[in-house]
Amino acid sequence: MKRGKEAHQVLSPSNGLARISGALFLAGFATFSLIYCTQPLLPEFTSDFNVSPATSSLALSLTTGCLAISIVCVGALSETWGRRGLMFLSMAGAAILNLISSAAPTWEFLLATRSLEGLVLGGVPAVAMAYLSEEVPAERLGRAMGLYVGGTAFGGMIGRVAIGALTHFSSWRTALATMAAVDLFVAIIFLMLLPPSRNFVRRSTVGLRVHVHAWFGHLSQIELPWLFATGFLAMGAFVTIYNYAGFRLLAPPYSLNQTQIGLIFLAYIFGVFASPVAGALAEKFGRSLVVVAGGMIFVVGLALTMLESLLAVIAGISVITVGFFVVHSVVSGWVGYLADRNKSHATSLYLLSYYLGSSVLGSLGGWFWHVSGWAALVEFCFAQIVAVLGIAFHLRLRSAAEGPNS
């Protein structure tokens with residue numbers, strides 16, 4: 001793969017740097033706004049469909065679970081199908097399915113459409129990360145990946161805030177339909193903006209054995225499985241907090257409405273800015289050190305949410321958001337850095353772990369919330385972040401002699 005002069009020319013301002021950055025930011029926006037637009041609606045689903053809080057979380061968990069499976073399959077297929085067109089079809093198809101879900105007559109129908117939406121969306125995350133890893137030279141990959149992750153943070157924020165406000169003033173069905181229309185438009189702009197791949201080499205035929213060999217090759221690498229575990233744990237803790245914060249804040253003593261709860265998701269703006277900064281700091285001080293810092297920030301946020309003050313809870317959620325996006329942006333770029341070939345397979349394995357964390361741990365957190373309340377849920381998340389810190393220290397010790405980017 002060409003990573004030298006030609007790759008640098010792709011990223012120069014006159015040859016597509018702004019277009020690549022803008023398009024991938026939009027891809028992140030569309031993907032995360034479609035995935036997480038149901039998160040503020042979990043209390044609405046509990047009421048309208050007469051289901052428990054843990055069951056209502058399936059509207060998100062099934063989406064991310066199917067997304068995790070789809071990422072592995074579609075990431076492999078992208079080696080023959082290409083990158084740009086596949087990402088567009090995934091974004092447009094998912095937006096249409098989101099529109100259909102807004103008219104769901106039953107709970108089962110809603111879950112079915114949300115599951116299909118996860119399967120269709122798999123063409124964006126793994127392929128986007130692979131595209132960046134191929135088109136961006138190693139010394140710029142941290143910043144570029146940070147911008148993409150910043151787009152996912154922005155999409156997650158706008159999706160949640162807009163859905164909360166639209167639901168409060170109209171209905172959750174109108175809110176989902178509106179989000180679908182916006183993201184269909186975003187998909188079209190993305191297609192117009194993103195340059196075709198310059199460094200991607202299409203494979204005419206790739207058998208299952210080739211894919212399995214590539215996956216097992218990454219799993220046998222010393223550092224990569226630890227990074228996959230980090231994504232699983234960090235995402236699980238993060239989604240758990242956001243899944244059930246709404247239930248806590250709807251109840252006394254806070255008794256907030258959907259618009260007010262939606263505004264709390266503006267905390268995602270901190271993730272938008274933290275992601276590219278974290279990527280730059282990782283290049284300067286080392287990836288593992290910045291991951292440790294992100295984990296510690298997350299722990300501070302968890303502690304703040306244990307206080308009764310509404311301002312403290314909001315501050316805690318904001319700090320948690322910063323800590324999570326510091327960890328995620330650095331680790332996702334780290335995966336691309338370590339995978340010297342079959343990058344789409346490596347990123348698909350990372351995202352498989354990442355979204356399984358969202359699906360499995362995000363739903364499991366509902367049990368802690370139901371049985372013992374917020375304190376038990378925070379302890380559950382704290383245990384996951386402690387494990388993330390342990391992994392980061394382990395990798396730091398292993399790679400201390402390998403240079404500042406280790």
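Note: hydrogens, waters and symmetry copies are ignored here, and every other heavy atom, side chains too, is used.
Tyr355 places no side-chain N or O within 3.5 Å of a backbone atom of Cys66 that could act as its donor or acceptor partner. Remark: side-chain polar atoms of Ser56 are paired, donor with acceptor, to backbone N or O of Pro53 under 3.5 angstrom. Looking at Ser358, its side chain never comes within 3.5 Å of a backbone N or O of Tyr354 through a donor-acceptor pair. Between the Arg287 side chain and the Ala282 main chain, no donor and acceptor come within less than 3.5 Å of each other. Side chain of Ser47 to backbone of Glu44: no donor-acceptor contact under 3.5 angstrom is found. Under a 3.5 Å cut-off, the side chain of Ser101 and the backbone N or O of Asn98 do form a donor-acceptor pair. At distances below 3.5 Å, at least one donor-acceptor pair connects side-chain atoms of Ser90 with backbone N or O atoms of Val120. With Tyr131 contributing its side chain and Arg84 its backbone, the two residues share no donor-acceptor pair below 3.5 Å. In terms of modelled atom types and a separation under 3.5 Å, the side chain of Ser372 and the main chain of Phe368 share no donor-acceptor contact. No side-chain donor-acceptor contact under 3.5 Å links Thr31 to the backbone of Gly28.
Judged as a side chain to side chain donor-acceptor pair (under 3.5 Å), the pairs with a partner in residues 171-185 (not counting sequence neighbours) are, in order, Ser33-Asp183, Asp48-Trp172, Ser171-Thr174. Among pairs with a residue in residues 98-114, those fulfilling salt bridge (charged side-chain N to carboxylate O under 4.0 Å, His left out) read Arg114-Glu117, at least two apart in sequence or across chains.
Residues meeting the ring pair (Phe, Tyr, Trp, His ring centres under 6.0 Å) test with Tyr36, sequence neighbours left out: Phe32.
Exactly one of Tyr242, Phe238, Phe298 qualifies for a ring pair (Phe, Tyr, Trp, His ring centres under 6.0 Å) with Phe324. That residue is Phe238. Looking at Leu395, Val291, Val290 one by one, the single match for side-chain contact (heavy atoms from CB on, under 4.5 Å) with Val331 turns out to be Val291.
The shortest distance between side-chain heavy atoms of Val313 and Arg248 falls below 4.5 Å. For the pair Leu227 and Ile391, the minimum side-chain heavy-atom distance is 4.5 Å or more. Counting heavy atoms from C-beta outward, Leu194 and Met87 have side chains that approach closer than 4.5 Å. Within the 4.5 Å cutoff, the side chain of Ile100 has no heavy atoms near those of the Leu116 side chain. Side chains of Tyr254 and Glu308 form a contact here, defined as non-hydrogen atoms less than 4.5 Å apart. By the 4.5 Å heavy-atom criterion applied to side chains, Leu110 and Phe49 are counted as neighbours. Side-chain contact check for Leu302 versus Ile320: some heavy-atom pair is nearer than 4.5 Å. The closest side-chain heavy-atom distance from Leu34 to Leu97 is not below 4.5 Å.
Rounding to the nearest 0.5 Å places CD1 of Ile188 at 10.0 Å from CE of Met91. Here CG of Leu266 is found 10.5 Å from OG1 of Thr321. Values are rounded to the nearest 0.5 Å. Interatomic distance, CD1 of Ile264 versus CG of Leu249, reported as 4.5 Å (0.5 Å rounding). Between the CD1 atom of Ile314 and the OG1 atom of Thr305 there is a distance of 12.0 Å, given to the nearest 0.5 Å. Rounding to the nearest 0.5 Å places OG1 of Thr38 at 10.0 Å from CG of Leu62. A distance of 11.5 Å separates CD1 in Ile261 from CD in Gln39, rounded to the nearest 0.5 Å.
Considering every non-hydrogen atom in both Ala175 and Leu166, the closest pair reads CB-CB, 3.7 Å. Closest of all the heavy-atom pairs between Ala59 and Phe45 is CB-CE1, 3.7 Å. Between Ala274 and Val326, the shortest heavy-atom distance links the atoms CB-CG2, 4.2 Å. Smallest separation of non-hydrogen atoms from Arg396 and Gly286: NH1-CA, 4.3 Å. For Phe29 against Gly155, the heavy-atom pair with the smallest separation is CD1-CA, 3.3 Å. When all heavy atoms are compared, the tightest approach of Leu99 to Ala177 is CD1-CB, 3.8 Å.
Counted within 6.0 Å of CZ on Phe270, heavy atoms from surrounding residues, nucleotides or ligands total 12 or fewer; the atom is thus considered open. Within a 6.0 Å sphere centred on NE2 of His168, heavy atoms belonging to other residues, nucleotides or ligands number more than 12. Atom CH2 of Trp226 has 12 or fewer heavy atoms from other residues, nucleotides or ligands within 6.0 Å.
Side chains of Tyr350 and His328: a donor on one and an acceptor on the other come within 3.5 Å.
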Self-check item: Verdict with supporting geometry, Leu176 and Leu41, side-chain contact (heavy atoms from CB on, under 4.5 Å)
Solution: CA-CA 10 Å; Leu176 287 183; Leu41 302 179; 3.9 Å; yes
Exercise. Please lay out, stage by stage, how Leu356 and Leu361 fare under the test side-chain contact (heavy atoms from CB on, under 4.5 Å).
Key: CA-CA 8 Å; Leu356 281 179; Leu361 299 178; over 6 Å; no
Exercise. Would you please test Phe247 and Thr46 for side-chain contact (heavy atoms from CB on, under 4.5 Å) and show each step?
Key: CA-CA 10 Å; Phe247 288 98; Thr46 298; 3.8 Å; yes
Quiz item: Between Ile385 and Leu233, is a side-chain contact (heavy atoms from CB on, under 4.5 Å) present by the stated rule, with each step listed?
Solution: CA-CA 7 Å; Ile385 300 304; Leu233 294 164; over 6 Å; no
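Residues Phe273 and Phe325 place their aromatic rings such that the two centres sit no closer than 6.0 Å.
Under the 30°/60° scheme for interplanar angles, the aromatic rings of Trp374 and Trp369 are found to stand perpendicular.
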